[in-house]
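Have a look at the structure below before the remarks.
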Amino acid sequence: MNSYDFITALVPIILIIIGLGIIKKPAYYVIPISLITTVAIVIFYKNLGIVNTSLAMLEGALMGIWPIATVIIAAIFTYKMSEDQKDIETIKNILSNVSSDRRIIVLLVAWGFGNFLEGVAGYGTAVAIPVSILIAMGFEPFFACLICLIMNTSSTAYGSVGIPIISLAQATNLDVNTVSSNIALQLILPTLLIPFVLVILAGGGIKGLKGMFLLTLLSGMSMAISQVFISKTLGPELPAILGSILSMTITILYAKFFENKDTNNQPTKNIIPLSKGIIACSPYILIVGFIVLVSPLFNRIHEYLKTFQSTISIYPEANPLHFKWITSPGFLIILATIISYSIRGVPILKQIKIFTLTLKKMALSSFIIICIVAISRLMTHSGMIRDLANGISIITGNFGPLFSPLIGAIGTFLTGSDTVSNVLFGPLQVQMAENIGTNPYWLAAANTTGATGGKMISPQNITIATTTAGLIGQEGKLLSKTITYALYYILATGLLVYLA
């Protein structure tokens, strides 16, 4: 292998590492510079040609818009509508009424509700909202941030209605359900262990597990089982959503029937009528319903709606792109939101206004995502991904799978996005698998598994937490606390991927 090819292929990645991780410049500066550099490399060094370079960028732009940016915009639109109609406040009040036990609150608010928000929205909502709820319920702000950052890990693979895994499958040309089920298998151990870490922290040490072991185990199992079975049968859209609903249900039932209550120290409850609670949750109920309805579980509907898609060949000799219209999570989320709030009498013009504001708010983030996907496609079509994979394969040899989660974690640490890490490094993992003769699905899954650990220490996620908690300036202190948990997480998943 030509060492110059490997070094040249590293240049866009090194620029991102230096720009985001060392100089700490905003992504909207760093990523376009990396894209321009990649364009120069593929034209002048890899001789891709101006036409093929343009086609690769167009392919990346289309993949970045649909479904990736579309799903994220749709999810944030739903959240903004819920915020506008005070539904989020109602949900907060419902959760705060369940228990006064700090450990139960952490399992319900951080683990259960946080994973639900990750599943339906992602993009920082799974940290920001639980942090604000925990602080409102009397938790120390720094501790609330730490808890929510540790929580926001394994479910991020299935965040924003499965978009990280959908994007990974699209970027690597792998079957989405197969790669999703491989990810679920790798995430079983972290998903089971994280609730124990949260309860131990909330309870002041191992003693915090006293009387809570079974509930903590069930909280992890509800998510792990959902990820394993639902991802295999229905795909990556619903595991985090349905698993978190099951986890919250178990926690609420435990608090109601089995918790030892101190009747002299019970807070005054703001009772929320059942009907009001259902109305507040109605957009999310409808989203889940629509996604289930168009899934393979209802095969006739699924097969019919699959016909509403377009297939476009953009880059020569590359697999065509398939654009699913009606079954796209982004379309379903927007449809469910509009129907839900229209039934409640919210004027369509107001909904359009909030959607327009969401588009403006997400425009820069969407541009960054499009640039990242364009870099990925340029590197793939020019052979730079192959050069990187060959170099890493030579350096790591048969120990390559041990480092696969670390590669994914670096991607999320730098960009703040599991989705972007998958698009950027997913093809690299598949090429590495081919080089060493191992299962490409397993290493592609390892990228996502590692990326979930990197989410814990992502500067973007940490900034969201500190901003919400009013702790701006303490990002470094919070990083120094979370990095130990993240390193254990990444090391454990690396060993799991290598030994399995």
Atom [atom1] of [X] and atom [atom2] of [Y]: how far apart are they, to the nearest 0.5 Å?
X      : Y      : atom1 : atom2 : result
Cys148 : Ile462 : SG    : CD1   : 13.0 Å
Asn422 : Gln429 : CG    : CD    : 9.0 Å
Ile245 : Met223 : CD1   : CE    : 10.5 Å
Leu108 : Thr249 : CG    : OG1   : 9.5 Å
Thr482 : Ile150 : OG1   : CD1   : 7.5 Å
Leu242 : Ser247 : CG    : OG    : 12.5 Å

Are the side chain of [X] and the backbone N or O of [Y] linked by a donor-acceptor pair below 3.5 Å?
X      : Y      : value
Ser366 : Ala69  : no
Asn152 : Ala126 : no
Ser421 : Ser417 : no
Arg103 : Thr216 : no
Thr70  : Ile65  : yes
Ser34  : Val30  : no
Trp66  : Lys324 : yes
Ser458 : Gly454 : no
Arg377 : Ala171 : yes
Asn182 : Thr178 : yes

For the residue pair [X] and [Y], what are the closest heavy atoms and their distance?
X      : Y      : answer
Ala446 : Ser404 : CB-CB, 3.7 Å
Lys455 : Thr156 : CG-CG2, 3.9 Å
Ala144 : Phe139 : CB-CB, 4.4 Å
Leu187 : Ala157 : CD1-CB, 3.9 Å
Ile375 : Ile31  : CD1-O, 3.9 Å
Ala128 : Ile464 : CB-CG2, 3.9 Å

Would you give me the side-chain donor-acceptor pairs under 3.5 Å for residues 430-442, sequence neighbours excluded?
unit_1	atom_1	unit_2	atom_2	d
Gln431	NE2	Asn435	OD1	3.2
Asn435	ND2	Ala389	O	3.4
Asn435	ND2	Asn390	OD1	2.7
Asn435	ND2	Ser393	OG	3.2
Asn439	OD1	Tyr441	N	2.9
Tyr441	OH	Asp175	N	3.0
Trp442	NE1	Val497	O	3.0

Is the number of heavy atoms from other residues, nucleotides or ligands under 6.0 Å of [X] [atom1] greater than 12?
X      : atom1 : answer
Phe367 : CZ    : no
Met221 : CE    : no
Phe229 : CZ    : no

Legend entry - Matching residue for Leu218 among Ile225, Ile250, Leu246, Leu107 - test: side-chain contact (heavy atoms from CB on, under 4.5 Å):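 Exactly one option meets the side-chain contact (heavy atoms from CB on, under 4.5 Å) with Leu218, and it is Ile250.
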Inset, instruction - Determine the sole option in Ser155, Ser244, Ser219 for which the side-chain hydrogen bond (donor to acceptor under 3.5 Å, both in side chains) test with Asn115 is passed. - result: Ser155
Is it the case that the side chains of [Y] and [X] hold a donor-acceptor pair, with the cut-off being a distance below 3.5 Å and no angle test?
X      : Y      : answer
Tyr158 : Ser226 : no
Glu475 : Thr466 : yes
Thr452 : Tyr489 : yes

Inset, instruction - Take Thr396 and Leu402 through the side chain to side chain contact (heavy atoms under 4.5 Å, CB included) test and state the conclusion after the steps. - result: CA-CA 9 Å; Thr396 61; Leu402 182 65; over 6 Å; no
Inset, instruction - Applying side chain to side chain contact (heavy atoms under 4.5 Å, CB included), run through Phe113 and Ile129 and close with a yes or a no. - result: CA-CA 9 Å; Phe113 190 52; Ile129 298 173; 3.8 Å; yes
Are the side chains of [Y] and [X] in contact, using a 4.5 Å heavy-atom criterion?
X      : Y      : result
Phe116 : Ile91  : no
Leu424 : Ile16  : yes
Ile163 : Pro329 : no
Ile368 : Val420 : no
Thr412 : Met456 : no
Leu201 : Phe143 : yes
Leu217 : Phe196 : yes
Leu378 : Pro12  : no

Inset, instruction - Please report the C-alpha distance between Phe403 and Tyr498 in whole Å, then the side-chain angles of each, then the deciding distance to 0.1 Å, and finally whether the ring pair (Phe, Tyr, Trp, His ring centres under 6.0 Å) criterion is met. - result: CA-CA 8 Å; Phe403 296 94; Tyr498 176 70; 9.1 Å; no
Legend entry - Aromatic plane relationship, Tyr315 with His381 - under 30° parallel, 30 to 60° tilted, over 60° perpendicular: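 Taking Tyr315 first and then His381, their aromatic rings lie parallel (interplane angle under 30°).
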Legend entry - CA sep, side-chain torsions, deciding dist, call: Gln186, Thr493, side chain to side chain contact (heavy atoms under 4.5 Å, CB included): CA-CA 7 Å; Gln186 293 180 11; Thr493 52; over 6 Å; no
Legend entry - Chi angles and distances behind the side chain to side chain contact (heavy atoms under 4.5 Å, CB included) call for Gln170, Val423: CA-CA 8 Å; Gln170 190 176 39; Val423 172; over 6 Å; no
